[in-house]
Asker: 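Below is one structure. I have some questions about it.
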Amino acid sequence: MKAEPRLSTNLAGLKMNSPLMAASGCYGCGFEYARWIDLRHWGALVLSGITLDPKTGNPPPRLAETPSGMLNAIGLQNPGIDGFLEEVRPRLGELGCPVIANIAGESIGQYRELAAILDGVGEVSAVEINISCPNVSRGGINFGREPAVVGELVAAVRPVYRGPLIVKLSLEAGDLIAVGRAAESAGADVLSLINTLRGMVIDTAARRPFLGNITGGLSGPAIRPVAVRAVWEMAAAVSIPLIGMGGITTADDALQFILAGATAVAVGTANFVNPKIAAEINAGLQHYLDENRLGHYRELIGAARSPGRR
Ligand SMILES: Cc1cc2nc3c(=O)[nH]c(=O)nc-3n(C[C@H](O)[C@H](O)[C@H](O)COP(=O)(O)O)c2cc1C
C-alpha cells in the first residue's frame, strides 16, 4: 500500500498535497509563475481579490520597501467577477493544484452575490472572504473591525456557498479573538490570518507621504512575530482549522506557525523575492520530518503548546 504523503492535508474538505498555500494578492492568477515552478508544489493557490465590478486600483506609487518587509496599496485592482469568469476561469484547470477565490465587497450584499456566483464555478475549490474592506453603508469602517458585522456577513454568505468558506482576519480588528469566534459561530469552516498591518512611509525630500494612497499594508518578515502570536492566541479560542501567514520565507518560519496551531500556512511577499519558494519550503518541511523521525506533519500542529523537547 502506498504510504500517505507526509505533507498532505484536508482543510475542511479541501484536499491538499502540502499545507503550503500562495497568499492572496501575491501570486496573481498562478499561471504567471508557471514558467518558474511546477505549481503542484503548492497545496492551493489563493487568487488576488475579486470584486463585483472591475477596479483600476490606487494611484501610484503602490509599493514601498521597508525594513524586512514592504508596504502595498494596490487597491484591489482586478477585472471584476465578469472579467474573472471570462479571462481567468478558462485557464484555472491548467494550474494542477486547487484554486481558492478571495472576495472583497463594499456591502454584505456584494459579498453574498460574489459567493453565490462562485458556488457555480467548478474550477474554484473554496472561497476566502477578505473582511478588511470598507463597509460603505457604515461610513467606510472596515467590516473586520466589529464582531457583530463579521457574524452578519458570514451568516449571509454561508447559505449561498457550499464549499469550504475561509474568513481572512486582520489585526485591524479591535478584538481579533471576538471576530474569529463570530466568524466561526456564523458558519466559517476555516480562518486565515493575518492580513497586512496598516502603515505609512514619508518621502522626506518631497515632504509628502510616499504612497499614492498615503497608507498601505505592511507585509513580510517584519510582521511575522505578530502573526505567530495571533495564530497562537486564535488556536486556543476556536476549534476550526487555521491558515497562518505573515512573513514566511523559510520552512522554519512555516513550522513556527504550524507549531503555534496552524493547519496550513500561506506565503505572500516572499514570492516576489523567490518564485521557487514553495519547492524549497516543502523540501525543508520534509527534512524536518526526517530529522525528527515524524510520520506526518500533522503531529506538529499546535505542538508548541505541549511540554516541549528542551
Ligand atoms: C501586494 C499584495 C497584495 C495583496 N492583496 C490581497 C488581497 O487581494 N486579498 C487579501 O485578502 N489579502 C491580500 N494581501 C495580503 C496577503 O495575502 C497576506 O495576508 C499578507 O501579505 C501577509 O503575508 P506575507 O507577509 O507572507 O506577505 C496582499 C498582500 C500583498 C503584499
Side-chain angles (χ1 to χ4, degrees), residues 22-32 45-63 71-93 95 99-146 149-150 152-170 172 183 186 188 192 195-196 198 211-217 219 268:
S24 179
C26 303
Y27 219 69
C29 300
F31 28 78
E32 297 89 336
L45 296 183
V46 187
L47 303 174
S48 291
I50 305 168
T51 52
L52 212 48
D53 297 318
K55 271 185 175 279
T56 49
N58 287 326
R62 294 170 166 192
L63 295 177
L71 274 186
N72 91 81
I74 308 293
L76 290 172
Q77 180 183 348
N78 81 98
I81 189 72
D82 291 339
F84 167 78
L85 294 174
E86 273 164 42
E87 298 154 28
V88 180
R89 179 188 184 176
R91 299 189 59 191
L92 294 178
L95 298 179
V99 172
I100 299 173
N102 176 284
I103 59 171
E106 291 176 352
S107 66
I108 290 181
Q110 287 194 358
Y111 280 101
R112 190 177 151 97
E113 202 175 331
L114 285 162
I117 295 169
L118 290 166
D119 188 59
V121 177
E123 295 85 347
V124 167
S125 302
V127 161
E128 180 177 69
I129 308 179
N130 176 4
I131 57 174
S132 311
C133 302
N135 182 349
V136 168
S137 67
R138 304 270 310 243
I141 300 170
N142 270 7
F143 284 95
R145 275 185 186 264
E146 293 167 69
V149 176
V150 172
E152 210 186 314
L153 168 57
V154 176
V157 170
R158 180 69 282 181
V160 299
Y161 186 72
R162 288 168 292 176
L165 194 59
I166 305 166
V167 176
K168 174 128 174 219
L169 307 176
S170 151
E172 294 295 323
S192 58
N195 211 320
T196 53
R198 240 153 54 86
L211 292 173
N213 186 54
I214 301 177
T215 63
S219 63

Asker: Which heavy atom in Y111 sits nearest to a heavy atom in G105, and how many Å separate them?
Answerer: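 Residues Y111 and G105, closest heavy atoms: CZ-N, 3.2 Å.
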Asker: Sorted by first residue and then second, give each side chain to side chain donor-acceptor pair (under 3.5 Å) pair with at least one member in residues 161-170; sequence neighbours left out.
Answerer: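 Qualifying pairs: D119-R162.
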Asker: Look up atom CZ in F84 and atom CG in L118, then write down how far apart they are to the nearest 0.5 Å.
Answerer: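 The CZ atom of F84 sits 6.0 Å away from the CG atom of L118.
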Asker: Between G49 and S24, what is the shortest heavy-atom contact and its length?
Answerer: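 That closest heavy-atom pairing would be N-OG, 3.6 Å.
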Asker: Return the minimal non-hydrogen interatomic distance between A126 and I166, and the atom names on each side.
Answerer: CB-CD1, 4.3 Å
Asker: Would you name the heavy atoms of S219 and T196 that are closest together and state the gap between them?
Answerer: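 Looks like CB-CG2, 3.8 Å.
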Asker: If the condition is salt bridge (charged side-chain N to carboxylate O under 4.0 Å, His left out), which residues does E172 pass it with, not counting sequence neighbours?
Answerer: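 Salt bridge (charged side-chain N to carboxylate O under 4.0 Å, His left out) list for E172, sorted by chain: R145, R198.
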Asker: So, do L85 and I117 sit near enough that their side-chain heavy atoms are less than 4.5 Å apart?
Answerer: yes
Asker: Starting at CG of L47, measure out to SG of C26 and round the result to the nearest 0.5 Å.
Answerer: 12.0 Å
Asker: For the OG atom of S192 and the CG atom of N102, what is their distance to the nearest 0.5 Å?
Answerer: 8.0 Å
Asker: Mind checking what makes ring-ring contact (aromatic ring centres under 6.0 Å, His included) contact with Y27, not counting sequence neighbours?
Answerer: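 Y27 satisfies ring-ring contact (aromatic ring centres under 6.0 Å, His included) with Y33, W42 once adjacent residues are dropped.
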Asker: Would you say the side-chain atoms of N58 pair up with the backbone N or O of A73, donor to acceptor, closer than 3.5 Å?
Answerer: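 Between the backbone of A73 and the side chain of N58 there is a qualifying donor-acceptor contact (under 3.5 Å).
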Asker: Just verifying a value: how many Å separate I81 CD1 and D53 CG, rounded to the nearest 0.5 Å?
Answerer: 11.0 Å
Asker: Please name all residues satisfying salt bridge (charged side-chain N to carboxylate O under 4.0 Å, His left out) with R112, sequence neighbours left out, ordered by chain then number.
Answerer: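 With neighbours one apart ignored, the set is empty.
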Asker: Within the side chain of Q110, is there an N or O that forms a donor-acceptor pair under 3.5 Å with the backbone of I108?
Answerer: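 Side chain of Q110 to backbone of I108: no pair is present.
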Asker: Atom CG of L169 and atom CD1 of I131: how far apart are they, to the nearest 0.5 Å?
Answerer: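 The CD1 atom of I131 is 5.0 Å from CG of L169, to the nearest 0.5 Å.
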Asker: Can T51 and N78 be counted as having a side-chain donor-acceptor contact under 3.5 angstrom?
Answerer: yes
Asker: Tell me which pairs pass side chain to side chain donor-acceptor pair (under 3.5 Å) where either residue lies in residues 82-91, with sequence neighbours left out.
Answerer: R89-E123
Asker: What pair of heavy atoms forms the shortest contact from V167 to A188, and how long is it?
Answerer: CG2-CB, 3.6 Å
Asker: Among residues two or more places apart or on two chains, list those pairs meeting salt bridge (charged side-chain N to carboxylate O under 4.0 Å, His left out) that have a residue in residues 125-136.
Answerer: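 Matches after skipping sequence neighbours: none remain.
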Asker: Can you see which heavy atom on V157 is nearest to which on A115, and at what distance?
Answerer: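 Heavy atoms of V157 and A115 come nearest at CG1-CB, 3.5 Å.
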Asker: Applying side chain to side chain contact (heavy atoms under 4.5 Å, CB included) to F31 and V88, what does each step give before you reach the verdict?
Answerer: CA-CA 10 Å; F31 28 78; V88 180; 4.2 Å; yes
Asker: Distance check, rounded to the nearest 0.5 Å: C29 atom SG versus I50 atom CD1?
Answerer: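 C29 atom SG to I50 atom CD1 measures 8.0 Å (nearest 0.5 Å).
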